[in-house]
Visitor: 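Shown below is the structure under consideration.
Order of appearance sets the numbers: ligands from 1, and atoms from 1 within every ligand. If you read the sequence from its start, that first residue is 1, and numbering goes on from there. All values reported here derive from a predicted model rather than from experimental measurement. Both backbone and side-chain heavy atoms feed into the values below; hydrogens, waters and symmetry mates do not.
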Amino acid sequence: MNALGQRIARLIQAQGPISIAQFMAVALHDPQNGYYATRDPFGRQGDFITAPEISQMFGELLGLWIAQCWHDQKRPEARLVELGPGRGTLMRDALRVIAQLMPEFLTKVEVVLVEASPTLTAIQKDTLAKSGANIGWTAQFDDSLVDKPLFLLANEFFDALPIHQFVKTERGWCERMVVLNADGALDFALTPEAVPSSLIPTHRDGAPTGAFYETAPGATALTQQIADIIARKGGAALIVDYGYGAQADFGETLQAVAAQKYAKVLEMPGDADLSAHVDFAALADVARESGAKAYGPVGQGELLEAIGIVQRAATLARGKLGSNPQIDGELERLILPDQMGTLFKALAIMPVSAPTPPGF
Ligand code: SAH
């Protein structure tokens, strides 16, 4: 067991089983040993590669999307927020095209990066040093962000938010917890008592024994807050992540990844990334309940094609697709259905009165 695993074991010994959400929060964000707190996990040598790290086209097109929505809403004084900016690559590429297309954006829109990790904050400051934008940082989305129209980007952020897992048993739905087993190792176990049935949505009523239900209360609360600002003040949010659209099936989706391979969830807390599928239907529901309009989710490939990635790739390849294997490869990776094109999805949250956003 690694050092963080031993600390979690001592915590469970002292306090009893912890939820999977608590385990995720500690494994990802513990200040000493947490996964994001201590490292830069991205890129070809890292644990995983994200869309903005695959190609500059991703950030450029999301930047165009934001610029178009801002223009459609009459170019207000506003805030552009990115949740979990990683290395800052997406924002750098987005701001570069926005500055070319609508320089006025940089004078009227304040940029705020929401980042929990001090290590990644330092890298983002470096990446964005020459952006020309007015950029601030905050460790979490809070009330300082409610007073202006909110334009927001989030790529592979929501999948890192803690989830709870419930399993259908003969005695009802039980929560799956992290416990110490007879060998003193971290293990999963269900609560002996069923949880109150009000915790489980009615669309899960017919689930078979052994079925999972996953819920991310932090993700829904945050979406509610974002949608509420957009409904009242204006703005636009584009949430891109891997996840399910209509309705989740009965499996579980919590996964650990280290060195671009799957790892065991409990085996090396803090040394592997932990993530779970994003329940886009649940996020769209809370956005609507908050008085905003939700669009999608549509596949990442569909969105990027609709907003011009093929043309952009051709320009980068000096006018001819097929002439530059690197650009062709990046394009395929981002949009093909058997790569990131369909598993990754995009959800837009808009004011009810705003025009339909590009690509939806
Ligand atoms: N958007 C980037 C990085 C995705 S990884 C990209 O596409 O490359 C997830 C990012 O979210 C990291 O920057 C991580 O440190 C940050 N993060 C995860 N959970 C967070 C939380 N609860 N609060 C703030 N930032 C968080």
Visitor: Checking Thr342 side chain against Asp338 main chain: does a donor-acceptor pair fall under 3.5 Å?
Guide: no
Visitor: Enumerate, one pair per line, all nitrogen or oxygen atoms of ligand 1 lying under 3.5 Å from a protein nitrogen or oxygen, stating the separation to 0.1 Å; write 'none' if no such pair exists.
Guide:
| unit_1 | atom_1 | unit_2 | atom_2 | d |
| --- | --- | --- | --- | --- |
| ligand 1 | 1 (N) | Gly84 | O | 2.7 |
| ligand 1 | 1 (N) | Asn155 | O | 2.8 |
| ligand 1 | 7 (O) | Thr50 | OG1 | 3.4 |
| ligand 1 | 7 (O) | Asn155 | ND2 | 2.7 |
| ligand 1 | 8 (O) | Thr50 | OG1 | 2.5 |
| ligand 1 | 13 (O) | Gly86 | N | 3.1 |
| ligand 1 | 13 (O) | Glu115 | OE1 | 2.6 |
| ligand 1 | 15 (O) | Glu115 | OE2 | 2.5 |
| ligand 1 | 19 (N) | His29 | NE2 | 3.1 |
| ligand 1 | 25 (N) | Ala116 | N | 3.2 |

Visitor: Applying side-chain hydrogen bond (donor to acceptor under 3.5 Å, both in side chains), can you list everything that pairs with Arg39, at least two apart in sequence or on another chain?
Guide: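 For Arg39, the residues satisfying side-chain hydrogen bond (donor to acceptor under 3.5 Å, both in side chains) (neighbours in sequence not counted) are Asp271.
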Visitor: Do Glu53 and Thr89 have side-chain atoms, one donor and one acceptor, less than 3.5 Å apart?
Guide: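 Distance-only check passes for Glu53 and Thr89.
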Visitor: Under a 3.5 Å cutoff, is there a donor and acceptor pairing between the side chains of Gln224 and Asp228?
Guide: no
Visitor: Between Tyr242 and Ser275, is any side-chain donor less than 3.5 angstrom from a side-chain acceptor?
Guide: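 Yes.
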Visitor: side-chain contact (heavy atoms from CB on, under 4.5 Å) with Pro17: which of Thr191, Val179, Leu190, Asp187?
Guide: Val179
